[in-house]
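None of these values were measured; they are calculated from a predicted model. Because only heavy atoms are used, hydrogens play no part in the values below, and waters and symmetry mates are left out as well, while side chains stay in.
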Amino acid sequence: MSAPIVIHRPSPSGGRRVTIRDQIAGLAHDDRDVEEFIRRAGLPDAGRLLDDPDWVEWRGGRAHQYQAA
């Protein structure tokens, strides 16, 4: 089973698309944006989830980096 929160590869213009349970939550430009999307989805402890691989999968780039390479 994959993680319910996916933070996709950085876009060429910066930012990363975030999906929660296969629904697009928005475009994040930093961890605070991701935490807000998680809170809006009703999930607990948004800040702690970002480094938990059972909850969050970082795809196509390093974790916590939002700028295009």
* Asked: Hey, what do you get for CD1 (Ile7) to CG (Asp31), rounding to the nearest 0.5 Å?
  -> 7.0 Å

* Asked: Going by the salt bridge (Lys or Arg N to Asp or Glu O under 4.0 Å) test, which pairs reach into residues 41-63, not counting sequence neighbours?
  -> Glu57-Arg59

* Considering non-hydrogen atoms only, spot the tightest contact between Ala68 and Pro12 and give its length. => CB-O, 3.4 Å

* **Sequence neighbours excluded, every pair satisfying ring pair (Phe, Tyr, Trp, His ring centres under 6.0 Å) that has a member inside residues 3-47** => none

* To do: Measure the OG-CZ distance between Ser2 and Arg21 for me, rounded to the nearest 0.5 Å.
  => 12.0 Å

* **Any residue meeting side-chain contact (heavy atoms from CB on, under 4.5 Å) with Ile24, in chain and number order, not counting sequence neighbours** => Arg17, Thr19

* To do: Using ring-ring contact (aromatic ring centres under 6.0 Å, His included) as the criterion, list what pairs up with Trp58, not counting sequence neighbours.
  => His64

* To do: Indicate the atoms forming the closest heavy-atom contact of Arg16 with Gln65, along with that distance.
  => NH1-O, 2.8 Å

* **Contact summary for Pro10 and Tyr66, nearest pair of heavy atoms** => CB-O, 4.0 Å

* Asked: According to a 4.5 Å side-chain heavy-atom criterion applied to Ile, Leu, Val, Met, Phe, Trp and Tyr, with indirect links allowed, do Ile20 and Leu27 form part of one hydrophobic cluster?
  -> no

* Could I get the full list of side-chain contact (heavy atoms from CB on, under 4.5 Å) partners for Ala46, not counting sequence neighbours? => Glu35, Ile38, Arg39

* Asked: Would a 4.5 Å heavy-atom cut-off, applied to side chains only, mark Val34 and Val56 as touching?
  -> no

* Test salt bridge (Lys or Arg N to Asp or Glu O under 4.0 Å) applied to Arg40 - qualifying residues, sequence neighbours left out -> Glu36

* Asked: Are Leu43 and Val6 linked, directly or through other ILVMFWY residues, by side chains that come within less than 4.5 angstrom of each other?
  -> no

* Structure fact -> The salt bridge (Lys or Arg N to Asp or Glu O under 4.0 Å) partners of Arg32 (sequence neighbours excluded) come to Asp30

